[in-house]
Structures are given as C-alpha cells and as structure tokens.
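All remarks here apply to the structure that follows.
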Protein chains: 2
Amino acid sequence: MIRPVQAVATVKDEAMRTMNVQDQVLRAALELFSTRGYATTSVQEIVVAAGVTKGAMYHYFASKDDLLFAIYERMLSLQKARLDEIVAAGTERGDAVEDVLRAVCEDVVTTSIELLPEGTVFTRSQHMLTAERQAEVKRRRRAYHDDFESLLLRGTKEGVFRDDVPTAVLIAHFFSDVHYLPQWYSPTGPETAAEVAGQLTELFLRGIRAAASQDPGKD
Amino acid sequence: MIRPVQAVATVKDEAMRTMNVQDQVLRAALELFSTRGYATTSVQEIVVAAGVTKGAMYHYFASKDDLLFAIYERMLSLQKARLDEIVAAGTERGDAVEDVLRAVCEDVVTTSIELLPEGTVFTRSQHMLTAERQAEVKRRRRAYHDDFESLLLRGTKEGVFRDDVPTAVLIAHFFSDVHYLPQWYSPTGPETAAEVAGQLTELFLRGIRAAASQDPGKD
DNA sequence: CACCACAAACCGACCAGACGGTATGGAGGA
DNA sequence: TCCTCCATACCGTCTGGTCGGTTTGTGGTG
C-alpha cells in the first residue's frame, strides 16, 4: 500500500521539496524501469539513484511491485480524467462527433508524448505486475476503450464514420499509434508533439470516415 | 553462439523428431517467454517444460540470452525474406506501387498474426538482450524500414501518396498496427487473420493516399 | 523556555532462497 | 580410445524483503 504523502514540515533551505522520499524514489524508479527494465533493476539501484536507503524506501512502499504499479496508476487516472473532461466539454458545447474525437485523439497522443518513459514501462512491464493488478489495469483500459468506442458508434450511427470495419479493429488501429510512440518518437527529433498528434489523428480520421462524406474543408 | 543443428542420428520409434533437444527447448522458451516473460522465466522451468535437462540445454546453447535472440533472429529473417520476395515479384511484374505496398502490408500483418507469441516477446523483451544484440536487432529493423520507406517514397514521387506527412511518421503509423497485434488480436475472436490484414491495410492506405488523385497542380 | 514522552522516519546489516551457469563424469557410437 | 551428448551435483552471486535499533520532530507540561 502506498501511504499518503505526509507533510515534511521543516524545509531545509539547501534542498527544497527535492528531499521528499516518495517522489525521489518514484522518479528514480521510473527512470530506471524505462531504461533498464523492471526485472533488471534492483531495489538497491533504485534507492541509490534516489539518494535514500532501503529502509526509508520500504517505510513508504510495501514492495517493488508498488513502485511499478504507481506508474500505471498515475497514467491510467490521468488519461481517463482527460478523456472524460474532453468528451464532457464537447458534449456540452454540442460539438460534432468528429471534432470531439479529433480533440480526444490529439490529446492522448500529446499526453503520451509527455509521458514517454511511463509509456515505455506501460507496454513493456504489464506482465510483471501481480495478477490482481494486471487485472486492474486491464479493467481500466477496457473502461477507457469503452468510452472511446461510444464515440465511434455515435459517429457510425450519424453516418460520418464507416461501419464496414468492426469498432474493435478501429480502436486497436488508433491505440496502436499511441502505444508505439515510445518506440520511435524522440523529443529532439524533427517533429513537435503537437505536429505528430495532428498528423496521426488526421491519418486515423481519414481512415475511418464514411466513404461518402468527403469533406474538402481542411484546416 | 547457437550451434548448428546436428543430425541426431538414432531416432527412437516411440518419439520421432519430437526428441530434438534444440527444437523442444526453443519451443518451450517461446511459450514461457511469451506468457510469463523473459526475466521471470528460469532456465529450470524451460528445460522442465522442454523435457530435457539443464546439461543438455547448455550443451546446445551458450546462455539464456541465446534462447531469446533465437526468437528475434527467426522473426527478423523471416519477415525480411518475405518483404524482399514480394517487392521483387511486384517490381518484376511492373505492379503499381500501391498494389505492391498493399501486398506487403497484408503479408506482414498476416505473418505477424501467425507469430503472435513471437511478437509478444519481440516488443516486450528487446531490452533484455545483450547490448550488441539489441544493436543488431535495431540495425535489421532499420534495414526493413528502409525498404518499406523506399516504397512510400516511390509512391509520393508518383503522386499517389501524400507528401505532407514525413515518411517516418507514416512508417511508425503502419508498424504500430503490426506491433500492437499481440495485445488485442485473438485467433479465436470474430475476425480471421486475412480479414484483419485487409482491414488494417485498407485503413493505412486510405490514410496515406494523396488527397486528390484527379487533382494536379496542388500545393 | 526546558524538559519529557512518544511516534514517525529512517538506517543498514542481515537472511533465505533462487538464479544462471559450470564441473565432472558416464554412456555409447565410431 | 576418442568424441559427442547429456545427467547430476554443485557454486558464487545477487535479490527482494526484514528487523532491531537509532535519530528526528512534535506537542504537552510545568
């Protein structure tokens, strides 16, 4: 179990909140898991990189697995919150489905680029979690996909999205792009996150639009 | 180093070529690596599953890493061979670029579905290989992508593929689908491999086609 | 302000077990 | 006799996790 962060009252002026044990440990764990991999990173290496001792770490985390799950937890809740927010805003404004979907897609790509190390760990280490937590991750991913799917279904019902390809395939088609980002995208590369988000989203949308509705209007 | 398979001369009639140590070990390793993961599978478990002893296994393989690399080696050379073959045949027949690309895409999706366990290991365990072998895998993947890219560039030069999205993004867009297959596709699911191959390929091609094939003098 | 009591934070030596890999030697064909 | 193939016992190392004990911070009390 991850205990809540308690206030470390006295703040030494030489080191601000950098001293927080939990944050330091999680930061180091993310860095090491994403570069060396979960299984090949020892708890010793993590605590050394975090500048704390094993005793301190195990005071706040029950197991190495906790460190890994914290990465999943953060990513899952963040992405879900953003999805809900965008869909809610779009629905309230009465936006067209395609516009809502575009906003969702661009946002998840952008967010995933901001969380590249997390994404690396996410796809690579799912099977290292305990069985219960694997199930939990699976459950929450399904919930996310279900929300995404209802957007697609709304679009097909309105006739703007094609209906000759199963939604499961369309969903996989899009999220493949998202999950593949850590494998190729580099922040120091030629394209900005926003550009890639726009490009991948546009590729996806063009693929799923109903054949009849060819819209010349472009941005 | 993986020693070449030597002829196991005496074939006991109760077990035919099932006895081959190398095959049995590699089969078991693939099965276990793809379900439990490389790091969490011990050599003991592998040899037990293969029905051999550790001594026998280490007689043919120098290390656990060899077992892992064999999976990569097999997949890389197989996919590369098929790509070369299809491109060569298409070029010889003078097929249109889009037809060649379609054939390539459908084939790699189909093949990847036939090798789902290998694909699982491929994306998940790359960082567990020795540094040299990681570089080797990277090198051969790049070679594959380069061939793929020249198809795309041919298409853009001919004006049938769009030129407003970097080829690197287009390549990532397609191979994301391929690498994501083990995460969602099930052979027992509703779609056949050929169907999915056709659908994903069509989604991709529709995304990358030049906006107006009838419309010259654009930009 | 001095002092105490107490709990939370933290330290680091230690452990039991598992791991990848090896050393040794035997069986059996050539 | 030699060599390949393989079985078995074994080894050194490293791991995640524990635990008794110490330090540090804090609030109450006089």
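Per chain, numbering begins at 1; letters A, B, ... match sequence-line order. Side-chain atoms are counted along with the backbone in the values below, which use heavy atoms only and exclude waters and symmetry mates.
Checking the phosphate oxygens (OP1, OP2) of D:dC5, a side-chain nitrogen or oxygen of B:His59 falls inside 4.0 Å. Remark: B:Tyr58 is not in phosphate contact with C:dA23, judged by side-chain N or O atoms under 4.0 Å from OP1 or OP2.
Put simply, CZ on B:Phe61 is 14 Å from C1' on D:dC5, counting in whole angstrom units. Between the C1' atom of D:dT15 and the OH atom of A:Tyr38 lies a distance of 11 Å, rounded to the nearest Å. The distance from atom OH of A:Tyr60 to atom P of D:dG17 is 19 Å, rounded to the nearest whole Å. The CZ atom of B:Arg36 sits 16 Å away from the C1' atom of C:dC19 (whole-angstrom rounding). Spacing between atom NZ of B:Lys64 and atom P of C:dT22 amounts to 15 Å, rounded to whole angstrom units. The nearest whole Å value for the distance from the CD atom in A:Gln24 to the P atom in C:dA9 is 17 Å. Distance, A:Gln44 CD to D:dT18 C1': 14 Å, rounded to whole Å. Across the protein-nucleic acid pair, A:Asp65 atom CG and D:dT15 atom C1' stand 15 Å apart, rounded to whole Å.
Within the 4.0 angstrom heavy-atom criterion, no nucleotide atom of any strand lies near B:Thr40.
In this structure, the nucleotide among D:dT15, D:dC6, C:dG12 sitting nearest to the side chain of B:Ala56 is D:dC6. Taking every side-chain heavy atom of B:Val21 into account, D:dC6 is the closest of C:dC10, D:dG16, D:dC6.
The base of D:dG17 sits within donor-acceptor range of the side chain of A:Lys54, with an N or O pair under 3.5 Å.
Residue order along DNA chain D, read from the 5' end via each residue's closest nucleotide, puts A:Ala39 first among A:Gly55 and A:Ala39.
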*asked:* As a quick check of understanding, evaluate salt bridge (charged side-chain N to carboxylate O under 4.0 Å, His left out) for B:Glu136 and B:Arg133, giving each step before the final call.
replied: CA-CA 5 Å; B:Glu136 164 82 359; B:Arg133 280 172 166 175; over 6 Å; no
_Working for salt bridge (charged side-chain N to carboxylate O under 4.0 Å, His left out), residues B:Glu73 and B:Arg140_ = CA-CA 10 Å; B:Glu73 160 63 34; B:Arg140 291 170 70 170; 2.8 Å; yes
*In sequence, state the C-alpha distance, the side-chain angles, and the governing distance for B:Tyr180 and A:Phe175, and then conclude on ring pair (Phe, Tyr, Trp, His ring centres under 6.0 Å).*
CA-CA 8 Å; B:Tyr180 198 59; A:Phe175 285 103; 7.7 Å; no
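Under 4.0 Å is where a charged nitrogen must lie from a carboxylate oxygen, and between B:Arg102 and B:Asp95 no such pair does.
Both tests do not hold together for B:Lys64 against B:Phe33: distance to the six-membered ring centre under 6.0 Å, angle to the ring axis within 45°.
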